[in-house]
Amino acid sequence: MGRVAVTGAAGFIGSHLSERLLADGFEVTGIDSFTDYYSPERKREHLAKAIGHERFTLVEEDINTCDLAGLFAGCECVFHLAAQAGVRRSWGAEFNHYVESNILATQRILEALRELDSVKLVYSSSSSVYGETRNLPMKEEHPLRPISPYGATKLSAERLCDLYHVNFGVRYSALRYFTVYGPRQRPDMAFSRFIMGALNSDPLEIYGDGKQTRDFTFVSDAVEANMQAFRYEGEQRVFNIGGGSRVSILDVLGIMKRELGRNLDIRFVDRAKGDVTDTWADTTAARRELGFRTSVSLEEGLKAQIEWYRSRMRKTGGDTVGSG
Ligand code: UGA
């Protein structure tokens with residue numbers, strides 16, 4: 001088996017992908033700078049299994065300053081998941097972090113790959129590049145008009161992948177994920193906030209009327225899409241990766257109430273700037289070209305995420321549940 005690199009290896013999707021690559025026999029170089037967007041201790045927890053593995057090397061460095069060409073030499077693929085995530089926090093002075101982590105870091109990776117023509121790049125993009133639209137389901141060729149600064153940075157990086165391919169032959173696939181969830185989901189995301197809030201008997205804040213919809217995607221399906229994109233030898237292009245579970249936030253809360261077996265204290269607050277009303281992935285291209293299939297239903301996936309929080313709570317006696 002060959003060698004691969006994963007940026008953002010300690011994050012939500014990156015840590016699951018690293019474990020999958022190790023299980024498949026790869027030698028994995030995980031790169032992560034443990035930013036404090038959420039608890040770095042929690043990120044170390046994510047990596048516990050991988051770190052103990054003999055084929056895993058952790059490089060605790062910043063993509064914007066480290067020797068990428070040295071790290072990528074000899075790799076078959078770079079899975080680029082490191083990013084400043086979060087749609088709603090990308091306004092104001094915070095935008096600097098988004099530009100640095102999402103645009104400048106991706107450009108640096110592409111510069112390193114210019115010289116290493118055998119290495120493929122799998123870039124993690126986002127449904128947020130589409131913006132507010134009634135043209136549903138979203139297809140890759142639809143007009144792109146992000147409404148959050150975050151979405152604008154993810155789109156810039158997608159464009160950079162393509163222009164490095166056109167000019168220098170860098171091979172890439174970009175995956176537009178649709179709201180990924182499951183064990184280890186980032187603590188700022190809806191499901192995490194709702195589960196933590198409910199387990200702590202805190203009120204849950206719903207932004208807007210709760211009728212907004214998302215095409216929620218279970219993390220193992222997003223990981224599988226990365227593996228398929230790695231092996232894909234067709235056109236250099238972008239693919240929608242959606243879970244096929246498009247539901248409203250109110251529907252999610254209904255399922256959560258059943259699964260948790262308790263009433264939820266719901267408060268409606270203002271809609272958040274930058275949030276789109278609906279997402280819905282047309283995954284025809286990913287199914288046809290990559291062989292992408294979803295395998296986890298929303299009920300099963302939510303159960304797994306709830307169980308993950310419960311077992312964490314048991315381990316910590318409950319006191320760190322709220323801290324992410
Ligand atoms: C998520 C990720 O956070 C982004 O990094 C990613 O790029 C994007 O999915 C994507 O599709 O690729 P988002 O859809 O905002 O963004 O995911 P959640 O934080 O899980 O929010 C889902 C919905 O719940 C949003 O409509 C949001 O307004 C709502 N929400 C969230 C609440 O009503 N209350 C909360 O406390 C949190």
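Order of appearance sets the numbers: ligands from 1, and atoms from 1 within every ligand. Fair warning: this is a prediction, and the values are worked out from it, not measured in the lab.
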Tell me the contacting part of R88 for ligand 1: side chain, backbone, both, or neither, using a 4.0 Å heavy-atom threshold, strictly below.
side chain

May I ask you to identify, for T179, whether its side chain, its backbone, both or neither come under 4.0 Å of ligand 1 on a heavy-atom basis?
both

Note the single closest protein heavy atom to [atom], along with its residue, its atom name and the distance in Å.
| atom | value |
| --- | --- |
| atom 29 (C) of ligand 1 | Q212 NE2, 3.8 Å |
| atom 37 (C) of ligand 1 | Y207 CE1, 3.4 Å |
| atom 4 (C) of ligand 1 | Y150 OH, 3.8 Å |
| atom 1 (C) of ligand 1 | M189 CE, 3.6 Å |
| atom 3 (O) of ligand 1 | R186 NH2, 2.9 Å |
| atom 8 (C) of ligand 1 | S126 OG, 4.0 Å |
| atom 31 (C) of ligand 1 | A190 CB, 3.4 Å |
| atom 25 (C) of ligand 1 | R214 NH2, 3.5 Å |

Between F194 and Y181, does the ring centre distance come in under 6.0 Å?
no

With heavy atoms of [X] as the reference, note each atom of ligand 1 found under 4.0 Å away.
| X | result |
| --- | --- |
| I249 | 23 (C), 24 (O) |
| Y177 | 10 (C), 11 (O), 12 (O) |
| G86 | 5 (O) |
| F178 | 11 (O) |
| S127 | 10 (C), 11 (O), 12 (O) |

With nothing but distance in play, are any N or O atoms of [X] less than 3.5 Å from an N or O of ligand 1?
| X | value |
| --- | --- |
| R193 | yes |
| S125 | no |
| E205 | yes |
| S128 | no |

Closest heavy-atom pair and its distance - P137, H142:
O-CE1, 3.3 Å

For D32 against A9, the heavy-atom pair lying closest together
OD2-N, 3.2 Å

A cation-pi test, strictly: NZ or CZ of R184 under 6.0 Å from the centre of the six-membered ring of F12 and no more than 45 degrees from its axis. Yes or no?
no

Min side-chain heavy-atom separation R186-M189 under 4.5 Å
yes

With a 4.5 Å limit on heavy-atom distance, are the side chains of Y150 and F95 in contact?
no

In plain terms, say whether [X] and [Y] are close enough for a salt bridge, that is, a side-chain N and a carboxylate O under 4.0 Å apart.
| X | Y | answer |
| --- | --- | --- |
| R193 | D188 | no |
| E45 | R312 | yes |
| R271 | E132 | yes |

Quick check on F194 - does any of its heavy atoms sit under 4.0 Å from an atom of ligand 1?
yes

Any non-hydrogen atom of T279 lying under 4.0 Å from ligand 1?
no

Looking only at atom types and distance, does a side-chain atom of N240 sit under 3.5 Å from a main-chain N or O of A281, one as donor and one as acceptor?
no

Going by ring-ring contact (aromatic ring centres under 6.0 Å, His included), F239 matches just one of Y123, Y232, Y172, F292. Which one?
Y232

Among F216, W308, F218, Y309, which residue satisfies the ring-ring contact (aromatic ring centres under 6.0 Å, His included) criterion with F191?
F216

The single option from E158, R176, K154, H80 passing side-chain hydrogen bond (donor to acceptor under 3.5 Å, both in side chains) against S125:
E158

